[in-house]
Amino acid sequence: MAAKAKESRFFDAKENMALTKRHSYYQQSLVKMVRPGYQKSSRVKRIFDERNIKPLEIKSIKDLEKLPVISREELVKLEKEEPPFGGFENKDIKIDRIFTSPGPVYEPHLSEKDPIWARGYYAAGFRKEDIVLNAFSYHMVAAGLTFHSGLRRVGATVIPSGASSTENQVQLIRDLRATAYTGTPSFLMAIIKKAEEMGYNFKNDFKVRKASFVAEPLQPSLREKFEKEYGIDTYQMYGATEVGDIAYECKEKNGWHICEEVIVEIVDPATGQQLGPGELGEVVVTRLNHIFFLFRFGTGDLSRFIKERCPCGRTSFRLMGITGRVGEATKVRGMFIAPSQLRQVSSRFGDLKLQAVVDRVDFKDYLTVRVETEKEGPERNRLEAEFENVFKEICTVKIDKLEFIEKGTLSDKDSPIFDRRSWK
Ligand SMILES: [Zn+2]
């Protein structure tokens, strides 16, 4: 037994609260936001009044369906209409800081007491012993400073290296003995390449052993490279500049836990209605706070919930990564299929080329999947059975017809999803 007091596995007690408690926690937090939102925000009052909704009617996650989903484009429009914050702000509160993001969108910022991003860093093992290179821009946008806050909340020392050159970053890592990195995965790889160019062996000469990535998808092949070749333990976080941190990976690295400061819904982007467990839909976020009353922000990202308990002990639902953007996905029998899911299927079979074709037969959707193969006879039969299973597992839609085609039939110009349905 170590002499040191056992450190908690969780950032705070909220992360492993019992499900019944979690349920009432969401309800109470929502009610606590709705009432002042209606009283203090001119926009929220208008949204409610126009729909004839009383603040008391919004008391559960399900009730949020009564409110409209607000996309980034919509937010830009509303802020132009009622500058600078679209009327979403609490008119009686002094704002700590204001960030901007392209659009422009102006974001009155949450209190510096907010544990923004800290849960993600904590789950990734960032602690007070760490010296972290924060390679996110500190200029105007929320990134640099909010990640900085999160790192400080877990006690780490921060090097605010921001958008400095890769050479500069290498120098900082070397001179200051940085132990961790936060930024995009591609920028870390650029730093590693620069270090190698400068004659260093990144793994042996430096101390960087963990990285927390955000703002860019982490390709599995790149993750493997970081972990195996460079000995860097990698984690992902997910958020949006309008609402802050949304979810983060734990040690299990299997899905992203939803932060305790947000309510996440997975909705049908066409109707804004919540979808069932396991269904792919748009990630819609409400950040529980009393400064910026942006209910139901539509991220435009596609994901689905994992509702099974995570072995790490956290009780929040997890998001199963980001599968793409709303515009790219096609609905088949009410379920979305996104190009990235097809790529995932393809990678399970050695990157074989495939295309999903959607037709309408007898007033029903009909899904044909065309797959290039050279296999014949029993080998082909085996592939067929296995392929159908994997497809169902990843895309959650059953294939109506699996069509094997000759190698070279599909070109890179062919869209991965070919929607031939006519609605006339
Ligand atoms: Zn977990």
Side-chain angles (χ1 to χ4, degrees), residues 62 64-66 68-69 71 264-284 298-308 317 319-349 351-373 375 380-424:
K62 186 72 186 154
L64 282 170
E65 279 184 339
K66 296 173 191 162
V69 171
S71 66
V264 173
E265 301 163 78
I266 298 290
V267 311
D268 180 334
T271 64
Q273 299 298 295
Q274 293 165 13
L275 294 173
E279 284 187 58
L280 189 66
E282 183 179 8
V283 179
V284 167
T299 60
D301 293 324
L302 292 171
S303 187
R304 49 182 157 141
F305 280 134
I306 305 175
K307 295 196 173 177
E308 285 83 37
F317 290 163
L319 289 176
M320 197 144 137
I322 295 303
T323 312
R325 297 283 299 166
V326 165
E328 298 166 351
T330 307
K331 225 177 194 185
V332 181
R333 290 191 290 270
M335 304 292 259
F336 278 105
I337 300 184
S340 63
Q341 287 176 303
L342 297 177
R343 281 196 293 276
Q344 216 181 323
V345 172
S346 153
S347 73
R348 292 267 285 265
F349 296 92
D351 287 331
L352 50 73
K353 280 202 167 161
L354 57 92
Q355 183 184 44
V357 183
V358 196
D359 289 297
R360 198 84 182 144
V361 178
D362 296 334
F363 308 106
K364 278 193 296 240
D365 290 341
Y366 189 86
L367 176 66
T368 307
V369 178
R370 309 168 74 206
V371 176
E372 286 190 358
T373 186
K375 292 198 166 111
R380 179 181 281 208
N381 295 341
R382 246 194 324 273
L383 173 66
E384 184 169 351
E386 211 185 319
F387 188 92
E388 283 178 345
N389 281 335
V390 170
F391 191 93
K392 178 91 203 319
E393 174 200 321
I394 293 174
C395 300
T396 60
V397 179
K398 201 173 156 294
I399 300 174
D400 294 303
K401 185 178 161 203
L402 182 61
E403 192 181 300
F404 287 113
I405 51 176
E406 257 182 67
K407 265 203 151 158
T409 314
L410 294 170
S411 84
D412 290 338
K413 281 196 202 109
D414 286 314
S415 162
I417 304 173
F418 184 22
D419 192 349
R420 291 196 295 207
R421 286 171 294 189
S422 157
W423 300 97
K424 276 178 210 150

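Residue indices begin at 1 and follow the sequence shown. What you are looking at is a predicted structure, and each value in this text was computed from that prediction instead of being measured. Values reported hereafter were calculated over all heavy atoms of this structure, with side chains retained and with hydrogens, waters and symmetry mates removed.
Listed here is the closest heavy atom pair of Phe305 and Phe317: CD2-CB, 4.1 Å. Heavy atoms only, all atoms of each residue included: Leu352 and Val371 are closest at CD1-CG1, 3.5 Å. Pairing each heavy atom of Leu367 with each of Val332, the nearest pair is CB-CG1, 4.2 Å. Nearest heavy-atom pair across Arg325 and Thr299 is NH1-O, 2.8 Å. Pairing each heavy atom of Lys353 with each of Leu410, the nearest pair is NZ-O, 3.5 Å. Here the closest non-hydrogen pair linking Gln355 and Phe418 is NE2-CB, 3.7 Å.
Within the 3.5 Å criterion, the main-chain N or O of Gly408 finds a donor-acceptor partner in the side chain of Glu372. Side-chain atoms of Glu65 come within 3.5 Å of backbone atoms of Gln274 as a donor-acceptor pair (strictly under, hydrogens ignored). Here the side chain of Ser303 pairs a donor or acceptor atom with the backbone of Gly321 at under 3.5 angstrom. Here the side chain of Glu279 pairs no donor or acceptor atom with the backbone of Arg304 at under 3.5 angstrom. For Glu282 (side chain) and Gly300 (main-chain N/O), a donor-acceptor pair under 3.5 Å exists by modelled atom type. Here the side chain of Arg380 pairs a donor or acceptor atom with the backbone of Lys375 at under 3.5 angstrom.
Ion pair Lys331/Asp419 not flagged as a salt bridge, since none of the NZ, NE, NH1 or NH2 atoms sits closer than 4.0 Å to an Asp/Glu carboxylate oxygen. Salt-bridge annotation for Asp400 and Lys364: absent, with no side-chain N of the basic residue lying under 4.0 Å from a carboxylate O of the acidic one. Under the 4.0 Å criterion applied to side-chain N and carboxylate O atoms, Arg421 and Asp359 are not assigned as salt-bridge partners.
For the pair Leu342/Phe391, a side-chain contact is recorded, criterion being any heavy-atom separation below 4.5 Å from C-beta on.
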